[in-house]
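On a predicted model such as this, the values are computed, not experimentally measured, just so you know.
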Amino acid sequence: MSACTPTRHDDPHRKEHSHEPHSPPSPRPRGPRLTGADVSASIAVFLIALPLSLGIALATGAPLQAGLVAAAVGGVVVGRLGGAPLQVSGPAAGLTVVTAELIQRYGWRTTCAITVLAGLAQLGLGLLRVARTALAVSPAIVHGMLAGIGVTIAVAQLHIVLGGTPHSSVLLNLRDLPAQLARVQTAALSVSALTLCLLLAWPRLPGRAGRLLRVVPAPLVAVTGATTAAALLGFGLPKVDLPSWSSHALAGLPEGPALGLIAAVLTITLVCSVQSLLGAVAVDKMVAARPALSGRVRRADLDRELLGQGAANVVSGTLGGLPVAGVAVRSTANVNAGAVSRNSTMLHGVLVVIAALLMVPILELIPLASLAALVMAVGIQMVSLHHIRTVTRHREVLVYAVTTVGVVFLGVLEGVALGIGMAVAVALHRLTRTRITHHEKEGVHHVHVRGQLTFLAVPRLSRTLHLVPQGAHAVVELDGSFMDHAAYESLQDWQSTQTAHGGTVELVGRRTGVRIGEPTGPAGLHPDGGTTAPDSSGCRCHPWTPWRNHQCAIPETGSPAQRNNAETTTARAPEDTEHTEPPDLTAKLDALGAPGTPGTPGATVEAPAPPSSPRAPDATTPPANQLARGISAFQRNTAPLVRSELARLAREGQQPSQLFLTCADSRLVTSMITSSGPGDLFVVRNVGNLVPPPGEESGDDSVAAAIEYAVDVLRVRSITVCGHSGCGAMQALLAADQDTAQTPLRRWLRYGGPSVARMADGSRPAARLAGRAAADTVEQLCLTNVIQQLEHLRAHDSVSRALRAGELELHGMYFHVGEAQAYLLSEVHEGEVFDHVGVADLTA
């Protein structure tokens, strides 16, 4: 429920809003504040990063110190400058193949220079703020690239596991694999097998003892166990060799053909950037899945993350380290260990530096076969069955397969290029795959168009339309969301010819089964011979506005009040874009069917009504009929989509994560604002989103009962009090007259009296929206009322107990109806400020 996710975090260096604050900022500590959670998380990540960094350096053929340099730089530099606080960066397995190829082709010093240039390119991209553009790459291409890299890593490391030496290409490694199996070294295979067994078995230890032991990372246990066994058994295996830091090779001037170096820089830039940005998005999702953590960690700033990654690659390359990117394994461990700020990432980098300087004798005891087995396991895990199922479900398995095969046999850049080409081909195929059928039933000719109508489909459309005899009755069903100008012209010309020869044309809208207008005859006559009457319904709704009231345009045959109501309803902007349709098709259908449209004499085709309203109501439509139509549309269109989920909820019972207390105003659609579905929210609505304090005489117990039930029975993890702009209850409070009779409404609104008093108290900071003060007194009271009702909420026994136990969070929310903008009460700024909730926050 991202719309209600608190936006505060513990980072004292957060990027402030560009606007000028209305009050002086609160003093902040200058130094970093370490928490116990950050310290424990940094140790867990360090214990994972140490063996993996050495293993990745071994797999690339780089000096082993290069892996430690990259891990330290990734932790300190990206941790300090990056935009994803909990993402851990360092040498990544996804860069192994690329780096190994560059080292073999250009040498180590030139590879370091390429890393520096790639970092500069990332800095440039970050300054241009194009980070989100990288996310436009199809996930099938990214997953295919990682799978291809994983296969390459696994095949190469298998030779080391068996006691041999890998070749530079997958084909050579596969060709020599039978010979390597024939001369396998028992000691190397035994150490590798022990490493893999510990790596797989350690996370699955049962019982309470298993839970305690699993605190130690499996990679550390696997490498430590294999190293100990090799030492006790006296195996003479090649081990880690860390030369003196005084002889460590730094970056040199790039040497080689210019085009080759440019391609290498682009490859490193692409792989590092895409992997890091996708990793940052994944970390945001992991944080959002943990409510206790999501309130303290700010969402990733992707442009800043790209700048941090670029700076890290510049530093790492200069110091003789491997390329740096966000690493999924370490980031997952960081989040799961409970890190709450970027301090955990930075401290892990400091620990790597300490280990590289003080633990060299211990590190040099590790057998290379153990590191190879560890890296081989990482490579195998990069071929994810979950990703394969996902791309298969989305019909992109061909893109995934082509990318994977291209990366394995041709290289990363070539494989990604092939994947992009295949993705474009698949998209064009889908765009041009239009099925047009024709059949006759009971004298009516039906033409069904499935897919998008582009100029490529015009010849088939024209041939099929001309199968309909002139003067016949035709029904054209358009099952698509796009129509270009060529298809529109073709359909328009055919419609004009058909109606001119006495035929009738009926259009049916996309997938709704709703008829678009009535069949029309020649010269403006209906098929029954009558003259064309004005549009009796006046409905001009469109399929992309399912949240409109469906009262759209009541004809001017009613009273002036009815006409004013119709104008008000049609002026409403769409409130929901969850099922948005591209307007191209419907806009062109409007033109095709609008009365009096040039080129369509006598053709009257109404615009389609919304899915939930087959016919717009006229001025005499009883409300009961409107209700029945809405229920009928739900049973026909929506029920089939939600039936399985509701059946599950019926079996398991409700388990909402939040209590959402808001106003009864009809403009607030809670499921739309919070992007929630059945079972997500326990909703309480009343006039003015008021929370009566406990213990009030003659008080209202309905709200208190709902709070108690939600907290003590349903065990909700958060409660949100949501106010909104233009609240009638707040207007009534401001216009209250003491002599007014005490009606039920007046007695209820007395619970808003403390909000009026709070607003009038000059000693308190005025509640405001981020970037501006309240627009008027009503908005000021709406904002203040949310804060006051949160105080009433804290006074309830069940809420106070849950807050003390750390089992509950309270959030304040304000929804500006006219702007369709949500604001959350921020705990970062001084005073009572409702901060912006951007589009990225709502969709996480």
Side-chain angles (χ1 to χ4, degrees), residues 45-46 49-50 52-84 87-103 106-126 242 245 248-254 261 264-277 279 304-327 330-331 342 345-357:
V45 176
F46 159 72
L50 192 63
L52 281 177
S53 299
L54 292 172
I56 291 171
L58 173 68
T60 61
L64 295 185
Q65 298 102 316
L68 299 177
V69 170
V73 171
V76 176
V77 177
V78 181
R80 179 63 184 87
L81 302 179
Q87 175 166 250
V88 182
S89 300
L95 295 163
T96 302
V97 176
V98 181
T99 310
E101 183 179 352
L102 294 179
I103 293 173
Y106 300 110
W108 173 241
R109 293 170 64 86
T110 297
T111 300
C112 292
I114 291 173
T115 301
V116 173
L117 294 175
L120 294 175
Q122 287 181 296
L123 289 174
L125 294 175
L242 291 174
W245 286 103
H248 178 63
L250 303 179
L253 294 175
L261 293 175
V265 171
L266 292 178
T267 303
I268 293 289
T269 303
L270 172 66
V271 177
C272 288
S273 301
V274 173
Q275 182 171 339
S276 300
L277 296 176
R304 179 178 172 181
E305 178 66 14
L306 196 55
L307 289 171
Q309 296 290 340
N313 275 311
V314 171
V315 175
S316 180
T318 303
L319 297 179
L322 292 170
V324 171
V327 186
R330 294 169 225 183
S331 301
R342 62 181 69 244
T345 302
M346 297 170 62
L347 183 57
H348 124 269
V350 173
L351 293 176
V352 171
V353 173
I354 296 174
L357 296 176

Could you pull out the closest heavy-atom pair between [X] and [Y], with the gap in Å?
{"X": "P91", "Y": "S53", "result": "CG-OG, 3.7 Å"}
{"X": "P323", "Y": "I268", "result": "CG-CD1, 4.1 Å"}
{"X": "G79", "Y": "T345", "result": "CA-CG2, 3.9 Å"}
{"X": "G317", "Y": "C112", "result": "O-CB, 3.3 Å"}
{"X": "A92", "Y": "G326", "result": "CB-O, 4.5 Å"}
{"X": "L261", "Y": "I114", "result": "CD2-CD1, 3.9 Å"}

Please table the atom pairs, donor to acceptor, closer than 3.5 Å between any side-chain atom in residues 67-75 and protein atoms at least two apart or in another chain.
none

- line: The side chain to side chain contact (heavy atoms under 4.5 Å, CB included) partners of L81 (sequence neighbours excluded) come to V77, A311

Are side-chain heavy atoms of [X] and [Y] found at a separation under 4.5 Å?
{"X": "T99", "Y": "I103", "answer": "yes"}
{"X": "E101", "Y": "T267", "answer": "no"}
{"X": "T60", "Y": "T111", "answer": "no"}
{"X": "V78", "Y": "E305", "answer": "yes"}

message: For Q309 and S89, which I'm curious about, is there any donor-acceptor pair between the side chains at under 3.5 Å?
response: yes

Can you list, pair by pair, the side-chain donor-acceptor contacts under 3.5 Å of residues 116-126, counting residues two or more places apart and other chains?
residue	atom	partner	partner atom	Å
Q122	OE1	N313	ND2	2.7
Q122	NE2	S273	OG	3.1

- request: Can you measure from CD (Q65) to CG (L322) and round to the nearest 0.5 angstrom?
  value: 11.0 Å

- request: Enter the distance from L95:CG to I56:CD1 here, rounded to the nearest 0.5 Å.
  value: 8.5 Å

